[in-house]
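Here the structure is laid out as structure tokens; the discussion comes afterwards.
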Amino acid sequence: MALLLGVDTGGTYTDAVLIRDEREVVASAKALTTRHDLAEGIGKAVAAVLKESGADVAEIGLASLSTTLATNALVEGQGGRVGLVYIGFRERDLEGHGLREALGGDPALVIAGGHSHAGGEAAKLDEAALWAWLETDMGVSGFAVASQFATRNPAHELRAAEMIRAATGKPVSCSHHLSARLNGPKRALTAVLNARLIGMIARLIEKAEGKLVELGIHAPLMVVRGDGALISAGQAKERPIETILSGPAASIVGACWMTGETEALVSDIGGTTTDVAVLRGGKPAIDPAGARVGPWRTMVEAVAMRTTGLGGDSEVHVMDEGLIGGVRLGPRRVVPVSLIAVEAPELVHRVLDEQLRSETPCEHDARFVRAVPGVEAGGLQAKDAALLERIGDGVQPLGAVLKTRLEMAGLMRLVKRGLVQVSGVTPSDAAHVLGRQAQWDGEAAEKAVALIGRKRTGSGNRLNPEPMAMAQMIIDQLTHQTSLALLETAFAEEEVDFGLSPEALARHVLLQKGLDHHRGLMRLEAGLNLPVVGLGASAPAYYGAVGERLSCRMVLPEHAGVANAIGAVVGRVTIRRSGTVTSPAEGRFRVHLERGPEDFSDAEAAMAALQGALESDARAEAERAGAQDIHVSASREMKVAQAEAREVFLEAEITVEASGRPRIAG
């Protein structure tokens, strides 16, 4: 029986897992994620799981990767420079759906062309303007092409792509290949983001494949899509935008495989975020509006997920307003003090001891900074470059680096560019103090937690000078914020409209009193009516209290810490294709195909022709993805109108799904 290798690159750790014939977890291992080169961390995690299992690499018949690279890159504004060819639109249409913001100063050409709603040519494609534009040196790594009503007739997108490849040899993303839906500006945005990611994802996959070969693994590599399905590495290189939310989607697939739960909330806590999704009928719900990444709403099919900036490595903020004070977590991720102390133990302990000896608390107590090696630092402002040089190569106390308050803004710019990481107190440190985690430096964690507990509230008293009590305060806040994230998701998916936003409902005084089991003249009870599957390496440390708070069954599977890696390799290959039949005139039914519109005199014949074309395309793409035992299904959504006591055909959308198990080598 073949072994299956699953790998997931998270914000803090890269996980690897070996599964025997989709039934048994043989071994799992973790390595720190190497943000400057993700393939390095992948190689270490895979080497570790091979060592732990003692497996023969020749037994590995399939490898699969889920990655946060695409999501993180777009959120952090990274990726290649792209050029957009915008056909048949107006210059002001670049403002739609944040398209100009997404371009971020990258070149765009708006030219004549495009088609009508019915698929007829609205204007000739201005090829002369495109040729002239392509002759200029724009320094782009790829191009995006979006034409008006390209989903009804892609001829101008295909011609523009042909011209771009002939003139530049660079990769081209056509909007109609990424979505079959209308909304040109939104399709253009999706194409721009896809083009921006192509080089980055291609490099990751090629390096990952190289690492696997170095370790003697020659199995085909699959990649997890944002809806949890698997695609081949080659397909991921062509459409990297489809890998956004890959990690969270893999975690849901892993949750189903490990627990057998079919109706549940799945909550995955990582280092940076908590991702919550609803599981219905054993499948995650798909976001009908398209995946949101950073500030942009794309047209990519992905799991419906509510993401909160709350994780084990979330920054702890001391709230010194008011007489009591408290703490708030996130949304920014920092390196836990207990982790950075492993890297520079002598410096970190010396600085923490000096700060503890001081009678006066400082705003930079228990905070450190370090540069990230191997990240390109070009284009920095002079002041930011000087600050980066001052930080140097090793770990530094933050107070020794920042000379003025104004330099904090420059530091944040360096952090956003991925050039620098800040370290501070996190829930992971609190868990070390309480003995719930022990993988890093618990003594450094205790000193750091003691330092922030010395800070004074509005009453003049210290927040909590006892480290154990301070650590519990941090964990209690994590429980509270996690509960809010779960409640918001539940209210968002409720069929009943309660008249307030999910955020307002989750925080409503009556609900919170119900969770407290209020007993007065009123008896109030509240809780979740579904179980929660808790995922993430730190879930066992935190989620028991969350289940108690929400009065629900908390499911903590044995391998919760590597759920993403498990989901990466136990999923199925699924390819969806959609198309439309319209009626431009009575008695005429138009099928909109890749090769152009075709007319029929009978509605059923038109729909059959479209379904046949979609099924052929989906099956071929599934085979290219490495699927076997392929099952094809189709659904139709009809739009009709009543006219003089008869039904008139307006439009039909057909969606075809081809799904099968990934082919295992050997």
Working to the nearest 0.5 Å, report the span between [atom1] of [X] and [atom2] of [Y].
X: Thr479; Y: Tyr543; atom1: OG1; atom2: OH; result: 9.5 Å
X: Leu478; Y: Thr482; atom1: CG; atom2: OG1; result: 4.0 Å
X: Ser179; Y: Ile241; atom1: OG; atom2: CD1; result: 11.5 Å
X: Arg239; Y: Leu178; atom1: CZ; atom2: CG; result: 6.0 Å
X: Thr151; Y: Leu182; atom1: OG1; atom2: CG; result: 4.5 Å
X: Asp313; Y: Arg333; atom1: CG; atom2: CZ; result: 5.0 Å

Taking the side chain from [X] and the backbone from [Y], do they hold a donor-acceptor pair closer than 3.5 Å?
X: Arg436; Y: Ala541; value: yes
X: Glu242; Y: Gly226; value: no
X: Thr308; Y: Leu310; value: no
X: Ser314; Y: Gly311; value: yes
X: Lys30; Y: Gly561; value: yes
X: Ser428; Y: Gly312; value: yes
X: Arg297; Y: Gly290; value: yes
X: Thr489; Y: Ala485; value: yes
X: Asp275; Y: Pro248; value: no
X: Arg225; Y: Ile231; value: no

For the residue pair [X] and [Y], what are the closest heavy atoms and their distance?
X: Ser267; Y: Val276; answer: OG-CG2, 3.8 Å
X: Ile475; Y: Ala431; answer: CD1-N, 4.2 Å
X: Gly247; Y: Asn564; answer: O-ND2, 3.2 Å
X: Ala102; Y: Leu189; answer: CB-CD1, 3.3 Å
X: Pro185; Y: Leu99; answer: O-CD2, 4.3 Å
X: Leu352; Y: Ala444; answer: CD1-O, 3.7 Å

Give every residue pair that meets the salt bridge (charged side-chain N to carboxylate O under 4.0 Å, His left out) criterion with at least one member in residues 448-476, sequence neighbours excluded.
-> Asp365-Arg454
Partners meeting side chain to side chain donor-acceptor pair (under 3.5 Å) with Thr9 (sequence neighbours left out) = Thr67
Set of side chain to side chain donor-acceptor pair (under 3.5 Å) partners for Arg306, sequence neighbours left out | Glu503
Could you check if a side-chain atom of [X] sits within less than 4.5 angstrom of a side-chain atom of [Y], using non-hydrogen atoms only?
X: Leu511; Y: Leu487; value: yes
X: Met473; Y: Val327; value: yes
X: Glu407; Y: Met412; value: no
X: Pro397; Y: Arg367; value: no
X: Leu535; Y: Met258; value: yes
X: Leu65; Y: Val224; value: no
X: Val266; Y: Val278; value: no
X: Met470; Y: Leu463; value: yes

Would you please test Leu38 and Thr33 for side chain to side chain contact (heavy atoms under 4.5 Å, CB included) and show each step?
-> CA-CA 6 Å; Leu38 294 180; Thr33 293; 3.5 Å; yes
Could you walk me through whether Met554 and Val546 pass side chain to side chain contact (heavy atoms under 4.5 Å, CB included), step by step?
-> CA-CA 8 Å; Met554 180 62 67; Val546 175; 4.1 Å; yes
In plain terms, say whether [X] and [Y] are close enough for a salt bridge, that is, a side-chain N and a carboxylate O under 4.0 Å apart.
X: Glu363; Y: Arg405; result: yes
X: Arg100; Y: Asp93; result: no
X: Asp516; Y: Arg549; result: yes
X: Glu653; Y: Arg636; result: no
X: Arg328; Y: Glu315; result: no

Test Lys447 against every option in Asp429, Leu356, Asp441, Val433 by the side-chain contact (heavy atoms from CB on, under 4.5 Å) rule and name the one that passes.
-> Leu356
The single option from Val415, Leu411, Leu414 that satisfies side-chain contact (heavy atoms from CB on, under 4.5 Å) with Val369 is Leu411
List the steps, then state whether side chain to side chain contact (heavy atoms under 4.5 Å, CB included) holds for Val425 with Val449.
-> CA-CA 7 Å; Val425 176; Val449 169; 4.1 Å; yes
With a 3.5 Å cut-off and no angle check, do the side chains of Thr298 and Thr190 form a donor-acceptor pair?
-> no
Got a sec: does the CD of Glu637 have more than 12 other heavy atoms crowding it under 6.0 Å?
-> no
Arg519 atom CZ, neighbour heavy-atom count above 12 within 6.0 Å = yes
Distance-only check: which donor-acceptor pairs under 3.5 Å involve side-chain atoms of residues 490-501, not counting sequence neighbours?
unit_1, atom_1, unit_2, atom_2, d
Asp497, OD1, Gly499, N, 2.9
Ser501, OG, Ala504, N, 3.1

With sequence neighbours left out, write down each residue that passes ring pair (Phe, Tyr, Trp, His ring centres under 6.0 Å) with Tyr542, or none if nothing qualifies.
-> none
Side chain to side chain contact (heavy atoms under 4.5 Å, CB included) between Thr14 and Asp8: does it pass, once the steps are laid out?
-> CA-CA 6 Å; Thr14 294; Asp8 173 72; over 6 Å; no
For Ser423, all residues meeting side-chain contact (heavy atoms from CB on, under 4.5 Å), sequence neighbours excluded = Val335, Val337, Ile340, Phe368
Could you go through the side chain to side chain donor-acceptor pair (under 3.5 Å) check for Ser635 and Thr655 one step at a time?
-> CA-CA 5 Å; Ser635 62; Thr655 300; 4.5 Å; no
